[in-house]
Each structure stands twice: as structure tokens, then as C-alpha cells.
Amino acid sequence: MSGSIWYSVDPGSVHTGVCTWDGVDVMESRELRPQEFTEWVGAMVISALTGGERPVRVVAEEFRLEPARAAALAGSTLGVVRQLGALGLFCWLSSTPLVLQSNKVLNPAKGLARARGWVYHTLDGSEHARDAERHGLYFLIRGGLI
């Protein structure tokens, strides 16, 4: 892993989008099932605890319980919250900055991607992978990095 690798993540209870960046370039954009995501974060934790490389940052969509959706989540195991907790633990253990962004940045990010002629890097066209990429793109544009 080079010193400029970072990740953007779009957590989901069925699929989670993960985008790997090298600076401002997308290396890979994909969807993971919950168990695969847990294994991915677990491998990063082990690497961090054993002196391995760590990403320069993780950008992820935050979770907020909106009153209009609260009833729909009754009985849920809140997989998204657990995923964000695992990411937060990894970032804390490895001293990796964690940047949380609202899901409300996705529509502006779509517009920015369209205006810039952005070509998505997900091979299967999965929406969670695209959203992970959009979170990363929004972070870069907002930060004046591209």
C-alpha cells in the first residue's frame, strides 16, 4: 500500500460500497456483503495492530436515525451502525482520520460527477459502489483537492 491510499465507504445493511483511492485516482470500486465487509475491516485492524500500513483517511456516509424512518427500523439489527462502529474502531486503533459525510451529499456529488464527465469505476454498476465513489469524489472536490 502506498502512502496515499484511502477509502470511501457507503455502508448498507445488505451491500456496502467500498472505493479504494490512490490520491485522487480510483483504484477499485466494489460492493461487499456484510460478512465480507467485516472481514475487510478485520484485516485492516490486524494490519494496524501488527505495524502494517494504514490508509491516510477513511471517508464514510454517516448514519442518522431520522424520525420518519424510525418505525421502519424497529427490530432491525442496525447493521449499518455496526459497520460504522467497526470502521470507527479501526480508525481509532490506527490513528486514521475518519471523515463522516451526510447522505445528502450524494445528489450534489452526482451533479458534480456529471459536470466533470466522471466515469465510474465499478465493474458491475452497483449503486452502493457508485455511492462510495461519489462520497470520495465529493470529499476531494469540497476539499479543493481536484
Side-chain angles (χ1 to χ4, degrees), residues 1-66 69-70 72-73 75-114 116 118-146:
M1 180 183 320
S2 86
S4 59
I5 298 295
W6 60 283
Y7 303 105
S8 54
V9 178
D10 178 56
S13 56
V14 177
H15 294 101
T16 295
V18 175
C19 186
T20 304
W21 298 80
D22 187 350
V24 298
D25 299 316
V26 172
M27 305 307 293
E28 179 183 39
S29 184
R30 62 197 161 124
E31 255 188 15
L32 300 175
R33 292 185 309 273
Q35 184 61 37
E36 294 170 322
F37 182 78
T38 300
E39 291 166 2
W40 178 72
V41 173
M44 289 196 309
V45 167
I46 290 168
S47 177
L49 292 175
T50 58
E53 301 236 6
R54 65 176 181 86
V56 296
R57 83 185 58 83
V58 175
V59 175
E61 181 177 296
E62 69 182 356
F63 177 85
R64 290 198 182 260
L65 183 56
E66 313 245 346
R69 296 189 59 222
L73 290 172
S76 168
T77 60
L78 298 174
V80 171
V81 174
R82 292 195 328 262
Q83 289 176 6
L84 289 172
L87 272 179
L89 176 63
F90 161 72
C91 289
W92 178 75
L93 288 171
S94 64
S95 298
T96 300
L98 175 60
V99 178
L100 296 175
Q101 297 182 148
S102 169
N103 65 348
K104 293 175 176 43
V105 307
L106 291 176
N107 281 335
K110 284 181 187 179
L112 291 167
R114 199 173 310 117
R116 290 173 176 253
W118 186 261
V119 176
Y120 290 98
H121 297 80
T122 176
L123 299 178
D124 62 5
S126 62
E127 203 57 31
H128 278 285
R130 284 178 180 234
D131 282 350
E133 205 167 319
R134 289 177 187 125
H135 273 291
L137 181 62
Y138 185 85
F139 172 83
L140 290 172
I141 293 171
R142 184 162 184 238
L145 301 170
I146 59 171

Distance, nearest 0.5 Å, that separates CZ of Phe90 from CD1 of Ile46: 11.5 Å
My understanding is that only one of Val9, Leu100, Leu106, Val99 makes a side-chain contact (heavy atoms from CB on, under 4.5 Å) with His135; could you say which? Leu106
How long is the gap from CZ on Arg57 to OG on Ser8, to the nearest 0.5 Å? 10.0 Å
Using a 4.5 Å cut-off on heavy atoms from C-beta on, say whether the side chain of Tyr120 contacts that of Val26. no
Say you draw a straight line from SG of Cys19 to CG of Asp131; how long is it, rounded to the nearest 0.5 Å? 11.0 Å
Find out whether Arg33 and His15 are in side-chain contact, i.e. whether some heavy atom of one side chain is under 4.5 Å from a heavy atom of the other. yes
Looking at CD of Glu53 and CE of Met44, how far apart are the two atoms once the value is rounded to the nearest 0.5 Å? 13.5 Å
Given 3.5 Å as the limit, does a donor-acceptor pair link the side chain of Thr38 with the main chain of Pro34, or not? yes
Using 30° and 60° as the class boundaries, would you call the ring planes of His121 and Trp118 parallel, tilted or perpendicular? perpendicular
Side-chain donor-acceptor pair under 3.5 Å between Gln83 and Thr16, yes or no? yes
Of all heavy-atom pairs between Pro97 and Val56, which one has the smallest distance, and what is that distance? CD-O, 3.3 Å
Heavy atoms, side chains only, cut-off 4.5 Å: are Ile146 and Arg116 in contact? yes
Minimal non-hydrogen separation, Ser4 against Trp6, with atom names: O-CD1, 3.4 Å
Can you tell whether the side chains of Glu127 and Arg134 come within less than 4.0 Å, N to carboxylate O? yes
Mind listing the closest non-hydrogen atom pair of Glu61 and Ser102 along with its distance? CG-C, 4.4 Å
Give the intermediate values and the outcome of ring-ring contact (aromatic ring centres under 6.0 Å, His included) for residues Trp40 and Tyr7. CA-CA 12 Å; Trp40 178 72; Tyr7 303 105; 4.9 Å; yes
Between Leu84 and Ala60, the two heavy atoms sitting closest are CD2-CB, 4.0 Å
Answer yes or no: is there a side-chain heavy-atom contact under 4.5 Å between Pro108 and Tyr138? yes
Side chains of Asp10 and Asn103: closer than 4.5 Å at any heavy-atom pair? no
What distance separates Asp25 CG from Ile5 CD1, expressed to the nearest 0.5 Å? 9.5 Å
Taking the side chain as C-beta and beyond, is there a heavy-atom pair between Val59 and Trp21 under 4.5 Å? no
Rounded to the nearest 0.5 Å, what's the gap from CZ on Arg114 to NZ on Lys110? Could you check? 8.0 Å
Tightest non-hydrogen contact, residues Ala109 and Leu137, listed as O-CD2, 4.4 Å
Least distance between heavy atoms, Ser94 atom then Arg54 atom: O-CD, 2.8 Å
